[in-house]
There are 2 protein chains.
Amino acid sequence: MEHRDELLATVASLYYKMNQSQREIGDRFDLSTATVSRILKEAHDRGIVQIHISMPIPHDFELEQTLIERYGLRDAYVLQTSGESTHDTLLNAIGRLAATYLERVIKNFSSGASIGVAWGTGVHAAVSAIADNYTRNTDVVQLLGGVGELVVDSPDLGRMVAQKLGGRHFDLHAPVLVEQPQSRDVFLREPSVREGIVRAQSVKLAITGIGTMQDEASSFLRAGLLTRADLSALRRQGVIGEMCGRFYDNQGRCDRFEINRRIIGLELDDLRKIPQSIAIARGEVKAQAILGALRGGFTRVLATDDITVRAILALD
Amino acid sequence: MEHRDELLATVASLYYKMNQSQREIGDRFDLSTATVSRILKEAHDRGIVQIHISMPIPHDFELEQTLIERYGLRDAYVLQTSGESTHDTLLNAIGRLAATYLERVIKNFSSGASIGVAWGTGVHAAVSAIADNYTRNTDVVQLLGGVGELVVDSPDLGRMVAQKLGGRHFDLHAPVLVEQPQSRDVFLREPSVREGIVRAQSVKLAITGIGTMQDEASSFLRAGLLTRADLSALRRQGVIGEMCGRFYDNQGRCDRFEINRRIIGLELDDLRKIPQSIAIARGEVKAQAILGALRGGFTRVLATDDITVRAILALD
DNA sequence: TCAGTGCATGAATATTTTTTCACAAGATGA
DNA sequence: TCATCTTGTGAAAAAATATTCATGCACTGA
C-alpha cells in the first residue's frame with residue numbers, strides 16, 4: 001500500500017505543485033486522464049492532499065448552505081465562533097461578513113439605485129464595517145420612522161452609510177410608533193412622509209436587523225417605545241419577532257396584530273419585494289424571531305453566527 | 001483589501017471544501033465563471049489557498065522535471081534529502097522510489113515480458129524495495145556476466161527479483177571481464193552464453209546501476225576485477241563511467257576503449273534499445289559518470305537524489 | 001473637457017477534467 | 001471446471017474550467 005500512496009502523492013504533487021495537466025501526468029506514468037483524475041480524487045479522499053484556506057473571518061459554510069437551501073435564501077453568512085466571546089465581539093465580526101455582501105451588491109449597482117436602512121445593533125455592526133473608499137453617489141433612505149437616542153437606533157446609521165458611499169441621506173420624519181392608528185394616517189398624509197415611504201419601497205438594497213420580544217434584547221424596550229408589559233402582551237398575542245418595526249408571529253404573519261397599524265415605515269410585504277436585502281442578527285434569544293423572519297421570507301440574506309443557526313435549526 | 005481577501009477565501013472554501021462548482025459559486029455571488037476562475041487563481045497566488053501533500057518519500061519535482069527535459073528522460077526520481085544521512089540510507093530511499101517505477105512498469109507488462117538485471121548497490125537498493133505480492137510469472141535475465149562475492153554484486157539480485165515476481169531466473173554463465181578479447185569470443189561461441197545475451201537483448205525492462213572510475217566507489221575495484229592502477233589507466237584514456245560492465249567517456253562514447261572488447265554482457269547500444277530502463281545511482285562522486293550515461297542515452301529513467309543532480313547540473 | 005491608457009469583466013471559445021459506459025482480468029464460490 | 005461478481009481500466013461523452021477577446025469603465029494628463 002505504501003507504493004500506492006507514493007503514486008497518489010506524486011501525482012498530486014505534479015498536479016497541484018508543478019501545475020501539470022492530467023494529460024501530462026498521464027503521459028509520464030502511462031495512465032489515462034480518467035485514471036489520473038481518479039487518483040487525484042483518491043488522494044483527496046485519503047487525506048494525502050490537504051487544502052488549507054486562511055480565512056480572515058471564519059464562516060461555517062455547511063450551516064450557510066443549510067440556511068440557503070432550507071429557507072430559500074439568496075446567500076447566508078454564518079460566523080464560525082470559537083472560545084469565549086462577548087455578544088458585541090461576535091456581532092462585530094458578523095457585521096464585517098455582512099459588509100462584504102453589502103460592498104459587493106453596491107459595487108454592482110446601476111447608477112441611481114439607493115439603499116434602505118433600518119436601525120438596531122445588527123445594522124450598526126454591518127454599516128460600521130463598510131469601507132469608506134467608495135464614491136458611488138448612492139443615496140440612503142430610512143426604512144422606518146425615528147426611534148431612540150442611542151446611535152445604534154438612530155438615523156445616524158443611515159447618515160454614516162450615505163457618507164461612506166458619497167450619497168445623500170433621506171430621513172423619514174416621523175416616529176416609528178404612534179399612539180393611535182388615526183395618528184398614523186395623519187402622518188401618512190404628510191407629503192414628505194409619504195415620499196419617504198415611496199423612496200423606501202424603491203430601494204434596491206435593504207439593511208435590517210431582527211427584533212425579539214424578549215425583554216433583554218428588545219430594541220423597542222431599549223428605546224422606551226414599549227414597556228415590559230407591552231412586550232408581554234404582544235408575546236401573548238403570538239408575536240415572536242419584529243423587522244422594520246413590524247411585528248410578526250412564528251409563521252411570519254403580521255396582519256392580525258393591531259400594533260402594526262400604528263407603525264410608520266416600510267411594510268413587510270414591501271420589504272419582501274426589495275431585490276436585495278440582508279438582515280443582521282445573532283443570539284439564541286433571537287432564534288425564534290429569526291426563524292419567523294425566514295419563514296416569512298422578509299430577507300434574502302441572513303448574517304448571523306453558528307450558535308444562532310443551531311438554535312434556529314433546533315427550533316424548526 | 002481585507003474584504004477582497006474575504007471574498008477570495010470564501011470562494012476558495014466553497015470550491016475546495018464544499019465542492020461547489022464555479023458556476024454555483026458564481027450564481028451565489030453574481031460573478032461569471034470566468035471571474036470565479038480568476039478569483040481562485042488569485043487566492044492561490046496570494047497564498048490564501050495552501051495545498052499540502054504528505055509524501056511518503058519526498059521528491060524534488062523541479063529537479064526531476066529538469067532532468068526529464070534536459071536529457072530527454074522518460075521519467076526521473078530525485079530524492080529530496082534533508083539533514084544528515086548516510087549514503088546507504090539515501091540509496092535505500094532512492095531504491096524505494098525506483099521500486100514504484102518498477103512495480104508500475106511490471107504491472108503493465110504483457111505476459112511473457114522479462115526483466116534484465118545488472119548488479120551493484122543501486123540495483124540492490126531498488127530490487128530490495130519491490131513488494132513481493134506479485135505473482136506475474138515474469139522472468140528475470142542477467143544482463144552481464146558474474147562478478148564478485150558480495151550479494152550486491154551477484155546474481156542473487158536477479159534471483160531475488162525472480163522470486164518476488166514468481167518467475168524464472170536466467171543467469172549468464174560467464175565472467176563479466178576476461179583477460180583477452182579472444183577469450184570472450186570463445187565464451188560467446190558457447191550456445192548458453194549466446195542465448196543469455198539474446199535473452200538480455202529482448203528484455204522489456206532493464207535495471208542497472210552506474211559505475212564510476214573513482215577508487216572509492218568503483219564496484220570493479222571492490223570485486224577485484226580491476227586494480228587501482230587499471231582504474232587510473234582507464235581514467236587517463238578518458239573513461240568516466242561504466243554501465244553493464246561497459247566503459248564510456250564523458251560524451252557517452254564507448255567504441256574506442258579496448259577493455260570493452262573483453263566484457264561479456266549486454267552492449268550499451270542494445271541497452272539503449274530496451275523499451276524501459278532505469279538506472280539507480282547517487283553521490284557527487286558519481287555525478288560525472290551519470291552525466292556521461294545521460295548524454296549517452298543509456299537509460300530512460302534515472303533514480304538519484306538532489307545532491308547528485310545538483311552536482312550533475314553544475315558539471316554540465 | 002476629452003482622448004488615451006490600463007484594468008476588470010463576461011461572452012464565447014478552447015481546453016481540461018470528470019463521468020459514463022462497456023469491457024476485460026482477477027477473485028469467488030459452487 | 002465454470003458461471004458470477006467485483007474491480008479497475010480507457011474511450012468517448014459530458015461537464016467544468018481556463019483563456020481569449022472585445023467592451024466598458026475609471027483614472028490620467030493634457
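Just so it is clear: chains get the letters A, B, ... in the order the sequence lines come, proteins before strands, and each one is counted from 1.
- At least one side-chain heavy atom of Thr10(A) sits less than 4.5 Å from a side-chain heavy atom of Phe61(B).
- Distances shown here put every side-chain N or O of Lys107(A) at or beyond 4.0 Å from the OP1 or OP2 atom of dC25(D).
- For the pair Lys41(B) and dT19(D), the criterion of a side-chain N or O lying under 4.0 Å from OP1 or OP2 is met.
- Under the side chain to side chain donor-acceptor pair (under 3.5 Å) criterion, Tyr71(B) pairs with Asp316(B), sequence neighbours left out.
- Rounded to an integer number of Å, the gap from CZ of Arg23(A) to P of dT17(D) is 19 Å.
- Straight-line distance from the CD1 atom of Ile25(A) to the P atom of dT16(C): 12 Å, rounded to whole Å.
- Atom CG of Asn19(A) and atom C1' of dT16(C) are 13 Å apart (whole Å).
- Residue pairs meeting the salt bridge (Lys or Arg N to Asp or Glu O under 4.0 Å) criterion with at least one member in residues 47-69 of chain B, sequence neighbours excluded: Arg28(A)-Glu64(B).
- Residue Ile39(B) contributes atom CD1, which lies 16 Å from atom C1' of dT19(D) at whole-angstrom precision.
- Rounded to whole Å, atom P of dC25(D) lies 17 Å from atom CZ of Phe109(A).
- Qualifying salt bridge (Lys or Arg N to Asp or Glu O under 4.0 Å) partners for Arg199(B), counting only residues two or more places apart in sequence or in other chains: none.
- Scanning for salt bridge (Lys or Arg N to Asp or Glu O under 4.0 Å) contacts around Lys273(A) gives Asp270(A), with sequence neighbours left out.
- Evaluation of the salt bridge (Lys or Arg N to Asp or Glu O under 4.0 Å) rule for Asp171(A) yields no partner, not counting sequence neighbours.
- Residues passing the salt bridge (Lys or Arg N to Asp or Glu O under 4.0 Å) test with Arg310(B), sequence neighbours excluded: Asp306(B).
- Minimum atom distance to the side chain of Ser37(B) is reached by dA18(D), of the listed dT18(C), dA18(D), dT17(D).
- The CG atom of Asn108(B) sits 12 Å away from the C1' atom of dG10(D) (whole-angstrom rounding).
- Relative to the side chain of Arg38(A), the nucleotides dT16(C), dT19(D), dT19(C) differ in distance, and dT19(C) lies closest.
- In the helix from dT1(C)-dA30(D) to dA30(C)-dT1(D), the rotation axis of the first five pairs and that of the last five pairs differ in direction by 30°, rounded to 10 degrees.
- Of the residues in residues 26-36 of chain A, those with a non-hydrogen atom less than 4.0 angstrom from any atom of DNA chain C are Thr33(A), Ala34(A).
- Regarding Glu42(A), its CD atom lies at a distance of 10 Å from the P atom of dT9(D), rounded to whole Å.
- Within the model, atoms CG of Leu102(B) and CD1 of Ile130(B) stand 5.0 Å from one another, a figure rounded to the nearest 0.5 Å.
- Applying the side chain to side chain donor-acceptor pair (under 3.5 Å) rule to Ser37(B) yields no partners; only residues at least two apart in sequence or on another chain are considered.
- Separating the OH atom of Tyr16(A) from the C1' atom of dT17(D) is a distance of 13 Å, rounded to the nearest angstrom.
- Between Tyr15(B) and the phosphate of dT17(D), there is a side-chain N or O to OP1/OP2 separation shorter than 4.0 Å.
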